[in-house]
Protein chains: 2
Amino acid sequence: MLAIGTLAKRTGTKVQTIRYYEQIGLMPEPGRTDGGQRRYGDAELDRLAFIRHARQLGFSLEAIRELLDLSDMPDRSCAQVDAIAQKQLREVEARLVRLEALRIELQRMIGACNADRVADCRILEVLRDHEECLADHAATG
Amino acid sequence: MLAIGTLAKRTGTKVQTIRYYEQIGLMPEPGRTDGGQRRYGDAELDRLAFIRHARQLGFSLEAIRELLDLSDMPDRSCAQVDAIAQKQLREVEARLVRLEALRIELQRMIGACNADRVADCRILEVLRDHEECLADHAATG
DNA sequence: GCTTGAAGCTACAGCGGCTGTAGATCGTAT
DNA sequence: ATACGATCTACAGCCGCTGTAGCTTCAAGC
Ligand SMILES: [Zn+2]
Ligand SMILES: [Zn+2]
Ligand SMILES: [Zn+2]
Ligand SMILES: [Zn+2]
């Protein structure tokens, strides 16, 4: 049986985060010592490791909740699991496109500035006037 | 003189957001009608347009605050402005690297799944065991 | 058994950047 | 004069934690 701090270390999670997951029903209420301290077993360790790994891959807590629910139904088709992962991939790709456009625009701004007085700074000029931009971030974001 | 709703439309901002910017001191307290409604002039319009454009380029409100302060000192060197933009670029690049690694990992997961039963789903297996991953998102994230 | 100090407990506030709501008041066109 | 949309204040909620205050409990050393 693991104390919450040990569980935290083993999974690379903060203690408060574990309690937060419990509060929102993502982690189950664990057993307690007579004194009221939480004690965890291997099932909880696995579950938390799953959650943390999914978080590292960018899944939202809501998506993770669905994935955990689904993984309790081993005989079902995994189509729904795959759909969740596909959706996540599409979101990541969309963010990549947007970030890449941002990168280009920032690079252009910075490249245009000849590091003179604020009054003539090209960076500030671009920020003041979107007409100077190539990308259409107004629509994208 | 513009009412807040008109200012909102002209800059693509929500009315509440403008009031929020005022609350945190990013927008100045505007003049008011006898009845207490806010009225804005061109200076405020320009300032809000600047803020929104910088937001679209991913700058934090804190960075924008600095940029606005700096642009009130036209005779200074713009080195500090450039530094803020450089920092923003570096952050965008870092996020790009991280997101790209995520994209690869997600694609790999999804590609490995042969859409069978949940019990055999490769996506869930990868989520359960980071050893199956190539990327080191544990450290990056 | 006793002391100590780390680790645990609850409850709540705060982060960034908004967004939404309720219920009252204001402005303006007819 | 009336109607109706726009605006007002104040506050709660979103996500995913993180930090704090002020306690109590646990485990190791003596
Ligand atoms: Zn410059
Ligand atoms: Zn632009
Ligand atoms: Zn699958
Ligand atoms: Zn992994």
Side-chain angles (χ1 to χ4, degrees), chain A residues 1-27 29-40 44 47-48 50-68 87-88 91-92 95 98 102 137 141, chain B residues 1-27 29-40 44 48 50-68 87-88 91-92 95 98 102 137 140-141:
Chain A
M1 284 298 177
L2 309 171
I4 196 169
T6 317
L7 181 66
K9 252 169 220 151
R10 294 248 186 116
T11 56
T13 315
K14 301 225 168 183
V15 165
Q16 295 103 306
T17 304
I18 299 175
R19 288 198 282 247
Y20 169 69
Y21 288 163
E22 179 184 331
Q23 196 186 308
I24 62 167
L26 197 59
M27 286 293 287
E29 288 187 28
R32 301 262 186 163
T33 63
D34 291 348
Q37 299 196 356
R38 292 168 178 82
R39 287 298 180 268
Y40 297 92
E44 284 100 337
R47 189 179 176 95
L48 184 54
F50 183 102
I51 293 170
R52 295 309 292 175
H53 195 204
R55 285 295 296 140
Q56 281 164 6
L57 287 160
F59 288 91
S60 72
L61 295 183
E62 254 324 290
I64 293 171
R65 202 187 292 270
E66 287 182 66
L67 289 170
L68 284 165
K87 187 165 170 244
Q88 174 63 13
E91 275 163 30
V92 166
R95 276 198 284 160
R98 175 152 166 63
L102 242 57
H137 38 238
Chain B
M1 286 296 179
L2 309 171
I4 196 168
T6 317
L7 182 65
K9 251 170 221 152
R10 295 246 187 119
T11 55
T13 315
K14 301 223 168 184
V15 165
Q16 295 104 306
T17 305
I18 299 176
R19 289 198 280 247
Y20 170 70
Y21 288 163
E22 180 184 329
Q23 196 187 308
I24 62 169
L26 198 58
M27 286 292 288
E29 289 187 27
R32 301 262 186 164
T33 62
D34 290 348
Q37 299 196 355
R38 292 168 178 82
R39 288 297 181 267
Y40 296 92
E44 284 99 337
L48 184 54
F50 183 102
I51 293 170
R52 295 310 291 175
H53 196 205
R55 286 295 296 138
Q56 281 164 3
L57 286 161
F59 288 92
S60 73
L61 295 184
E62 254 324 290
I64 294 170
R65 204 188 291 270
E66 288 183 63
L67 289 171
L68 285 165
K87 187 166 169 245
Q88 174 62 14
E91 276 164 29
V92 165
R95 277 199 282 160
R98 177 154 164 62
L102 242 57
H137 38 236
T140 344

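Being a predicted model, the structure only gives us computed values, none of them experimental. Letters go in sequence order (proteins before strands), and every chain restarts at 1.
- Here the P atom of nucleotide C/dG17 and the CD atom of B/Glu22 are 18 Å apart, to the nearest Å.
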Between the protein and nucleotides 27-30 of chain C, which nitrogen or oxygen pairs come in under 3.5 angstrom?
from   : atom 1 : to      : atom 2 : distance (Å)
C/dG27 : OP1    : B/Thr33 : OG1    : 2.6
C/dG27 : OP1    : B/Gly35 : N      : 3.4

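- Projected onto DNA chain C by closest heavy-atom contact, B/Leu61 and A/Gly5 fall at different nucleotides, the more 5' of which corresponds to A/Gly5.
- Among residues two or more places apart in sequence or in another chain, the side-chain hydrogen bond (donor to acceptor under 3.5 Å, both in side chains) test is passed with A/Arg52 by A/Tyr21.
- Taking the 5' to 3' direction, DNA chain D first and last meets chain B under 4.0 angstrom from a heavy atom at D/dT7 to D/dT9.
- Note: CD (A/Gln23) to P (C/dA11) measures 10 Å, nearest angstrom.
- Put simply, CZ on B/Arg32 is 16 Å from P on C/dT25, counting in whole angstrom units.
- Residues meeting the side-chain hydrogen bond (donor to acceptor under 3.5 Å, both in side chains) test with B/Tyr20, sequence neighbours left out: none.
- Legend: residues meeting salt bridge (charged side-chain N to carboxylate O under 4.0 Å, His left out) with B/Glu62, ordered by chain and number and at least two apart, are B/Arg65.
- Under the side-chain hydrogen bond (donor to acceptor under 3.5 Å, both in side chains) criterion, A/Glu22 pairs with A/Arg38, sequence neighbours left out.
- Across residues 11-21 of chain A, A/Lys14, A/Gln16, A/Thr17, A/Tyr20, A/Tyr21 each have a non-hydrogen atom less than 4.0 Å from an atom of DNA chain D (numbered order).
- Here A/Thr17 pairs with nothing under the side-chain hydrogen bond (donor to acceptor under 3.5 Å, both in side chains) rule; sequence neighbours left out.
- When rounded to the nearest whole Å, the span between CG of A/Leu2 and C1' of C/dA7 equals 15 Å.
- In this structure, B/Arg10 has no salt bridge (charged side-chain N to carboxylate O under 4.0 Å, His left out) partners at least two apart in sequence or on a different chain.
- Residues passing the side-chain contact (heavy atoms from CB on, under 4.5 Å) test with B/Arg95, sequence neighbours excluded: A/Leu99, B/Val92.
- A/Glu44 places none of its side-chain heavy atoms less than 4.5 Å from the side chain of A/Arg47.
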Start with the C-alpha distance between B/Thr11 and B/Ile51, add both sets of side-chain angles, then the distance that settles side-chain contact (heavy atoms from CB on, under 4.5 Å), and finish with yes or no.
CA-CA 10 Å; B/Thr11 55; B/Ile51 293 170; over 6 Å; no

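- Side-chain contact check for A/Leu48 versus A/Tyr40: every heavy-atom pair is 4.5 Å or farther apart.
- Using a 4.0 Å cut-off, some side-chain N or O of A/Arg38 falls inside it from OP1 or OP2 of C/dC9.
- Residues satisfying the side-chain contact (heavy atoms from CB on, under 4.5 Å) test with A/Glu91, not counting sequence neighbours, are A/Lys87, A/Gln88.
- Counting non-hydrogen atoms under 4.0 angstrom, A/Arg52 reaches the backbone sugars and phosphates but no base.
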